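This structure is a prediction, so every number in the text was calculated from the model and none was measured. Here, residue 1 is the first one in the sequence, and each next residue gets the next number.
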Amino acid sequence: MASQRPGFPVRLTPLASAATRGRLPSVPVKPLVPTTPSMASGAVRARMVQRLAAQGIADARVLRAMGTVERHLFVDSALVNQAYEDTSLPIGLGQTISKPNVVARMIELLLGAPALAHKPGERLGRVLEIGTGCGYQAAVLSHVAAEVYSIERLRGLHERARVNLRPFRLATVHLMLGDGMVGYAKGAPYAGIIAAAGGEAVPEAWVTQLAVGGRIVAPTQSASGGQALVVIDKTARGLERRILEAVHFVPLKSGIA
């Protein structure tokens, strides 16, 4: 009997009525993240998308997804006004939300997988994300992939991502708490694997779980001791590897914390 894939927790407890026996509560309920009209409007996301296009992001699927997902809902309230700037922001536990250009660049590379070479405009199949973080990239991926499995090793961030993503009710996004270095074999094979942390090399488990025609996009340690973005394609002939631009990500670690 096949094992059941993890589902996304979507049931919420309804809020009680504001009035209790004709009296209003003395303290109004406040939203978890204050949403200013300027942040909630599509105009601020449209400006971000225009900037991404000017920086070289050309895939319409990526630009559309980046313009749809509200990034300010994934950052701390004190940082909301910086949500659409091209900068990374802290999300706690020593981790960050990547800047929009990096998210868009890596997803655009992922969509260049050999399996989609002759299928312009189509969605990618099942994707494995290593490092859920606050859940923002998983939300963006849900607009360009048929299904997203996202794994996070830090319990605090895993829970935060669940809270952040719950209002979106994304049935195709599955969040797991686990060791990203070993991937998630139950969901394999994957059309794409994308990592938000970099190690000395791409773990063999990721390569094994990648489908033929699939692509891995991940930061890895470069010869200079820094990090570089690496693209690995799995073809019928074997693996094809390309080293691209220098990047800076948190280190890839094993275990659960």
Could you tell me which non-hydrogen atom of I107 sits nearest to which non-hydrogen atom of V62, and how far apart they are?
CG2-CG2, 4.1 Å

When you check the gap from the basic side-chain N to the acidic O, do E240 and R237 get nearer than 4.0 Å?
yes

Could you go through the side chain to side chain donor-acceptor pair (under 3.5 Å) check for Q221 and Q227 one step at a time?
CA-CA 4 Å; Q221 187 172 313; Q227 288 181 340; over 6 Å; no

Of L175, T132, I256, the residue whose pairing with H158 passes side-chain contact (heavy atoms from CB on, under 4.5 Å):
L175

Quick one: is the NZ or CZ of R47 closer than 6.0 Å to the six-membered ring centre of Y84, and within 45° of its axis?
no

Name the orientation class of the two ring planes belonging to Y149 and Y190 (parallel below 30°, tilted from 30 to 60°, perpendicular beyond 60°).
perpendicular

Can you name the one residue among L244, V217, V247 that meets side-chain contact (heavy atoms from CB on, under 4.5 Å) with R105?
L244

Indicate yes or no: does R160 engage D76 in a salt bridge with an N to O separation below 4.0 Å.
yes

Exercise: identify the closest heavy-atom pair between V69 and R45
O-CD, 3.5 Å

In this structure, OG1 of T235 is separated from CZ of R215 (nearest 0.5 Å) by 11.5 Å

Salt bridge or not for D179 and R153, using N-O below 4.0 Å?
no

Nearest atoms (heavy-atom pairs only) where F249 meets S98
CE2-OG, 3.7 Å

If we check side-chain contact (heavy atoms from CB on, under 4.5 Å) with I194, which of these qualifies: V148, L109, L141, I130?
L141

Closest approach of A139 and F74, non-hydrogen atoms and distance?
CB-CZ, 4.0 Å

Any idea which heavy atoms bring G214 and A113 closest together, and the distance?
C-CB, 4.4 Å

Residues, nucleotides or ligands: over 12 heavy atoms within 6.0 Å of E245 CD:
yes

Evaluate H72 against Q82 for side chain to side chain donor-acceptor pair (under 3.5 Å), listing each step before the verdict.
CA-CA 8 Å; H72 67 279; Q82 302 177 55; over 6 Å; no

Least distance between heavy atoms, E129 atom then A138 atom
OE1-CB, 3.4 Å

